[in-house]
Visitor: 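Dropping the structure in here first, questions after.
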Amino acid sequence: EVQLQASGGGLVQAGGSLRLSCVASGFTDDDYAIGWFRQVPGKEREGVSCIDISDGGTYYADSVKGRFTASRDDAKNILYLQMNSLQPEDAAVYYCAIQSPSGGYWGQGTQVTVSS
């Protein structure tokens, strides 16, 4: 069974930082993409960042480019999202996800709240 466990969310003041983590287990595919999405009530789910394992490329939404950094620890199967200069518009439930030829998988999400 593939499991993705996201953590690290919380309440932060505007301009502050948080580091999200996603621990993946039960996943063995070699060709996949892993990344972060976020969603607020009443709005569409938004892609934040992804890492394409096939080519090593890392991609970011324009709204977070320059402020967020995605990275991974292959040995521990952990995906990170370092979020700096957080703004109220960044508040959302953040989900980690994997897309592979065998299917897509989602974590449970972690809440990020940004106060002004």
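Quick note: residue numbers are just sequence positions, from 1.
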Visitor: I need the D31 CG to Q99 CD distance, nearest 0.5 Å.
Guide: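 The distance works out to 10.5 Å.
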Visitor: Report yes if the side chains of I34 and D52 come closer than 4.5 Å at any heavy-atom pair, otherwise no.
Guide: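 The answer is no; the side chains never approach within 4.5 Å.
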Visitor: Find the distance between OG (S17) and CD (Q82) and round it off to the nearest 0.5 Å.
Guide: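 Result: 5.5 Å between the selected atoms.
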Visitor: Quick check: does any side chain N or O of S49 sit under 3.5 Å from a backbone N or O of Y59, one acting as donor and the other as acceptor?
Guide: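 Yes.
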Visitor: Between W106 and F37, does the ring centre distance come in under 6.0 Å?
Guide: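 So the answer is yes for these two rings.
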Visitor: Should M83 and V93 be regarded as members of a common hydrophobic cluster, given that ILVMFWY residues are connected when their side-chain heavy atoms come within less than 4.5 Å of each other, either directly or indirectly?
Guide: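 No, M83 and V93 fall in different hydrophobic clusters.
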Visitor: Could you tell me the separation between the CD atom of Q3 and the OG atom of S25, rounded to the nearest 0.5 Å?
Guide: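 With rounding to 0.5 Å, CD (Q3) is 4.5 Å from OG (S25).
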Visitor: Of all residues at least two apart in sequence or in a different chain, which pass the side chain to side chain donor-acceptor pair (under 3.5 Å) check with T110?
Guide: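 In terms of side chain to side chain donor-acceptor pair (under 3.5 Å), with neighbours along the sequence ignored, T110 is linked to no residue.
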Visitor: If I compare all heavy atoms of A61 with all of G47, which pair ends up nearest, and what's the gap?
Guide: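 Nearest pair, atom of A61 first, then G47: CB-O, 3.3 Å.
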Visitor: Is the shortest heavy-atom distance from the side chain of Q111 to the side chain of L11 under 4.5 Å?
Guide: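 In short, these two side chains do not touch, never coming nearer than 4.5 Å.
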Visitor: Any chance you could measure T113, atom OG1, to D90, atom CG, to the nearest 0.5 Å?
Guide: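 With rounding to 0.5 Å, OG1 (T113) is 11.5 Å from CG (D90).
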Visitor: Donor-acceptor check, side chain of R67 to backbone of S85, threshold 3.5 angstrom: yes or no?
Guide: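 Pair found, side chain donor or acceptor close to backbone of S85.
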Visitor: Is the shortest heavy-atom distance from the side chain of S100 to the side chain of F27 under 4.5 Å?
Guide: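 Side chain of S100 against side chain of F27, heavy atoms only: contact under 4.5 Å found.
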Visitor: Name the one of V64, V48, I51 that satisfies side chain to side chain contact (heavy atoms under 4.5 Å, CB included) with W36?
Guide: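 So, applying the side chain to side chain contact (heavy atoms under 4.5 Å, CB included) to W36 and each of V64, V48, I51, only V48 qualifies.
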Visitor: Considering only Ile, Leu, Val, Met, Phe, Trp and Tyr, and joining two whenever side-chain heavy atoms are under 4.5 Å apart, list the other residues clustered with I78.
Guide: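 Answer for I78: V23, Y80.
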Visitor: Would you kindly say whether E46 and S63 are connected by a side-chain donor-acceptor distance under 3.5 Å?
Guide: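 A donor-acceptor contact under 3.5 Å links the two side chains.
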Visitor: I need the full list of disulfide bond (SG atoms under 2.5 Å apart) pairs touching residues 35-77, with sequence neighbours left out, sorted by first then second residue.
Guide: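 Residue pairs passing disulfide bond (SG atoms under 2.5 Å apart), neighbours aside: none found.
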Visitor: Find the distance between SG (C22) and CG (L81) and round it off to the nearest 0.5 Å.
Guide: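 C22 SG to L81 CG: 10.5 Å, rounded to 0.5 Å.
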Visitor: Under a 4.5 Å side-chain heavy-atom rule over Ile, Leu, Val, Met, Phe, Trp and Tyr, are L86 and Y95 clustered together?
Guide: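 Unlinked, L86 and Y95 end up in two clusters.
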Visitor: If every non-hydrogen atom of R45 is compared with every non-hydrogen atom of Q39, which pair is closest and at what distance?
Guide: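 For R45 versus Q39, the nearest heavy atoms are N-NE2, 3.7 Å.
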Visitor: Taking all atoms of both residues into account, what is the closest heavy-atom pair of G15 and Q87, and its distance?
Guide: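 Minimum heavy-atom contact is N-NE2, 4.3 Å.
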Visitor: Minimum heavy-atom separation for Y105 to G103, with atom names?
Guide: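 Shortest heavy-atom contact: CE1-O, 3.6 Å.
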Visitor: Once you round to the nearest 0.5 Å, how far does NZ of K76 lie from OG of S21?
Guide: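 Interatomic distance, K76 NZ to S21 OG, rounded to 0.5 Å: 10.5 Å.
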Visitor: Can you name the nearest heavy-atom pair linking G9 to L20, along with the distance?
Guide: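 Looks like N-CD2, 3.5 Å.
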Visitor: Heavy-atom distance under 4.5 Å between the side chains of R38 and V40, does that happen here?
Guide: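 Contact flag for R38/V40 side chains = no.
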